[in-house]
Protein chains: 2
Amino acid sequence: MSEREARAHVTLDVVARRAGVSLATASRALNGTTRVRDELRERVRAAADLLGYIPNAHAQALASSSSNTVGLICHDVGDPYFAAIADGVMRAAAEQDVLVMLASTFREPAREIEYVSILRAQRARAILLIGSGFQDRTWERALGAELDPYIRAGGRVAVVSRHRSVRADAVLPENRAGATKLARALLALGHRRFAVLSGPPELTTVADRLAGFREGLAEAGITLDPGCVVEGAFTRDGGYAAARELLTRPTRPTCVFGVTDVMAVGALAAFREAGIEVPRDISLAGFDDIPLVRELTPPLTTVALPLTEMGQHAISLALREPHGQRSRVLRVGGEVVLRASTAPPPADSAAGEGT
Amino acid sequence: MSEREARAHVTLDVVARRAGVSLATASRALNGTTRVRDELRERVRAAADLLGYIPNAHAQALASSSSNTVGLICHDVGDPYFAAIADGVMRAAAEQDVLVMLASTFREPAREIEYVSILRAQRARAILLIGSGFQDRTWERALGAELDPYIRAGGRVAVVSRHRSVRADAVLPENRAGATKLARALLALGHRRFAVLSGPPELTTVADRLAGFREGLAEAGITLDPGCVVEGAFTRDGGYAAARELLTRPTRPTCVFGVTDVMAVGALAAFREAGIEVPRDISLAGFDDIPLVRELTPPLTTVALPLTEMGQHAISLALREPHGQRSRVLRVGGEVVLRASTAPPPADSAAGEGT
DNA sequence: ACCTTACCAGAAAGCGCTTTCTGAAAGCGC
DNA sequence: GCGCTTTCAGAAAGCGCTTTCTGGTAAGGT
């Protein structure tokens with residue numbers, strides 16, 4: 001009884017015999033690729049039901065050399081940003097009847113490459129890379145070395161929120177333009193002394209948002225001096241730590257931009273702990289518009305991104321008919337959403353225009 | 001050039017020829033199942049590298065009739081509760097070198113059964129069912145009909161946060177006991193008039209938490225009258241709607257229990273909109289301790305569940321050696337975490353002991 | 001020196017399907 | 001009534017691996 005009596009699966013062969021047809025006919029009857037007499041089709045279906053036939057996806061994939069799985073590689077499914085995008089991917093996947101293999105890199109670049117390789121072995125129809133890439137030559141090359149042969153062999157790649165290092169469709173947030181608009185909005189409120197809670201500088205997303213923000217400030221003749229940019233991890237705790245670090249600096253800004261909502265959330269907590277009230281004492285803005293920032297007190301001003309749609313688009317792009325020659329790029333989001341976390345600077349800080 | 005020139009993959013056969021060994025040896029050299037002379041192993045490895053050989057996982061699975069993928073079925077990846085558990089699953093999966101296929105049912109019971117079937121076809125080594133099941137005879141039977149043959153064929157099933165309808169390992173939150181403890185804690189603060197924002201009553205999680213809460217109240221001789229239990233969807237908006245509904249009722253409670261943190265988040269928003277301050281005017285508690293409730297103002301009192309660990313346990317249980325005879329059950333969490341969303345009831349509400 | 005073990009490598013038989021290729025039967029014009 | 005196309009079903013050849021099974025060679029015992 002404690003024997004490993006894993007009984008074999010019912011195979012198509014058995015179904016065919018039961019229905020009194022050949023293997024080939026049974027296959028056709030079930031997939032409906034070619035016409036089969038209705039009566040036979042029914043007989044096969046009935047037999048399959050009766051026997052509880054479950055096709056072997058591996059055999060199907062092998063024989064047809066095509067699968068219908070796609071791989072989704074993200075940095076961290078637990079993060080609300082990726083969770084929202086993943087949700088979109090799942091919705092589109094359900095519609096298109098593809099199965100999603102999930103990979104979480106835990107923010108380690110090497111893992112990403114490893115997963116691409118694994119997904120290649122799985123013969124995934126498409127690979128979706130979600131989240132910023134790294135500004136690192138050797139990493140880029142290694143990733144390309146995995147991706148290129150994959151694409152050449154007919155695989156599809158779509159990236160979300162990441163510069164295209166390879167021939168891939170892309171869904172790109174308006175990082176730069178969005179950050180510029182945010183800067184303008186913040187300037188319009190009267191702010192002149194800014195600080196930025198920045199993420200790992202090797203992430204392209206960080207670089208873009210920072211550049212865009214600087215650009216916006218520059219329009220008002222303001223430059224962000226290095227002391228006003230604090231780096232932290234791309235997480236809530238990273239934002240918290242960065243904000244605390246910021247508070248130790250000599251000059252205090254009237255307005256802080258967290259390059260990510262998640263970081264801004266951490267910053268909000270840090271400010272609260274320090275007895276600094278947002279937005280009375282300091283204004284705070286983020287980027288992404290993850291759902292949770294609406295629940296904060298105060299709700300966060302941010303640059304909106306249609307996260308769920310981004311996921312849907314990614315998979316749709318990837319599965320659409322071959323890209324013609326070039327890959328498609330879809331730019332999304334980038335509108336500022338003003339909420340209560342930003343306000344005009346406190347009256348007593350009118351002095352000290354930025355350098 | 002626009003031809004579909006999807007070039008074939010390098011097969012093991014090619015690698016073997018290149019290395020000057022047989023197919024069988026090449027296979028053994030690469031997987032290391034049997035001893036192969038070191039020199040040959042190296043030759044094969046080198047050839048594989050050189051040719052960019054990527055094994056075909058489908059062929060491997062077919063030939064060895066074993067795969068190393070597991071299926072993860074949850075109600076909604078976008079929900080922080082599931083996202084946190086999924087994160088745990090991913091961590092454990094990465095350690096154990098298994099690939100996760102993700103399925104999101106969007107809270108439709110039928111989809112769950114469909115996904116089980118799909119994962120069966122994929123010959124997943126294990127299927128993880130995350131989230132409450134439904135109290136619905138026909139659904140249960142249909143799910144069992146999918147799961148039973150799967151298990152009999154050697155598949156493993158683990159459930160998280162769900163009663164075991166089948167022979168499955170389980171990670172079960174202390175829903176009932178946790179809710180009872182919460183009730184006690186709330187009573188200890190002096191509350192006597194309670195309301196509950198309940199989820200879909202057909203979910204076993206809801207039933208358990210409600211029962212546990214009632215039990216705790218009963219210890220103080222308090223019974224929850226039906227007018228004090230408002231049902232809503234298991235989402236933020238469901239909690240919001242339920243809370244608004246609650247506010248239209250004649251008697252106002254001094255303390256509200258949202259059976260889910262996510263619902264409590266919605267409730268908090270509803271209260272705020274209605275000008276009701278938490279916890280001054282009304283106390284609010286949730287259940288789950290999803291990370292975001294710590295960021296709220298006020299942070300939410302709740303019953304803690306080790307969400308990430310739950311996911312890790314689920315996959316570990318499922319992949320561990322065969323269950324002997326019986327399946328294992330791991331009970332987790334259930335401790336009350338008091339935060340600022342609960343306080344003694346307002347002084348002017350001392351009257352009206354609950355019936 | 002002879003027989004037994006032990007170790008490795010190759011041949012070949014599948015794993016469970018899809019899909020081409022082949023052939024039988026039926027429909028049709030003249 | 002004969003050759004034509006058309007429709008549908010079966011035979012069989014793989015898809016790319018793993019894994020027995022077989023055999024050859026080297027090591028070990030007496």
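Within every chain, numbering begins at 1; the chains are lettered A, B, ... in the order of the sequence lines, protein sequences first and strands thereafter.
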Taking [atom1] from [X] and [atom2] from [N], how many angstroms apart are they, rounded to a whole number?
X     : N      : atom1 : atom2 : result
A:L51 : C:dG16 : CG    : P     : 15 Å
A:N31 : C:dC17 : CG    : C1'   : 9 Å
B:L30 : D:dC17 : CG    : P     : 10 Å
A:E39 : D:dT7  : CD    : C1'   : 15 Å
A:D38 : D:dT7  : CG    : P     : 15 Å
A:D13 : D:dG10 : CG    : P     : 13 Å
B:R17 : C:dA9  : CZ    : P     : 19 Å
B:Q60 : C:dG16 : CD    : P     : 17 Å

Any side-chain donor near an acceptor of the partner, A:N68 and A:S66, under 3.5 Å: no
Respond yes when some side-chain nitrogen or oxygen of [X] is under 4.0 Å from OP1 or OP2 of [N], and no when none is.
X     : N      : value
A:T25 : D:dG10 : yes
B:S27 : D:dC17 : no
B:N56 : D:dC15 : no
B:R28 : D:dT19 : no

Residue mapping more 5' on DNA chain C - nearest nucleotide basis, B:R123 or B:V36: B:V36
A:A24 or A:T11, whichever maps to the more 5' nucleotide of DNA chain C: A:T11
Of the options [options], whose atoms approach the side-chain atoms of [X] most closely?
X     : options                : result
A:S64 : C:dT19, D:dC17, C:dG10 : C:dT19
A:Y53 : D:dT19, D:dG16, C:dC17 : C:dC17
B:L12 : C:dG16, D:dT18, D:dG10 : D:dT18
A:L23 : D:dT19, D:dC17, C:dC17 : C:dC17
A:L62 : D:dG14, D:dG16, D:dA11 : D:dG16

Salt bridge present between A:R45 and A:E42 (N-O < 4.0 angstrom): yes
Secondary structure string for DNA chain C (Watson-Crick or G-U under 3.5 angstrom, | for other-strand pairs): ||||||||||||||||||||||||||||||
Nearest-0.5 Å distance that lies between atom CE in A:M90 and atom OG1 in B:T105: 9.5 Å
Search all heavy atoms of [X] against all heavy atoms of [Y] and return the closest pair with its distance.
X      : Y      : answer
B:L40  : B:V21  : CD2-CG1, 3.8 Å
B:Q96  : B:S316 : NE2-OG, 3.7 Å
B:F82  : B:R107 : CE1-NH2, 4.0 Å
B:R156 : B:R328 : NH2-NH2, 3.7 Å

Aromatic ring pairing A:W139/A:F134, orientation class (parallel under 30°, perpendicular over 60°, tilted between): perpendicular
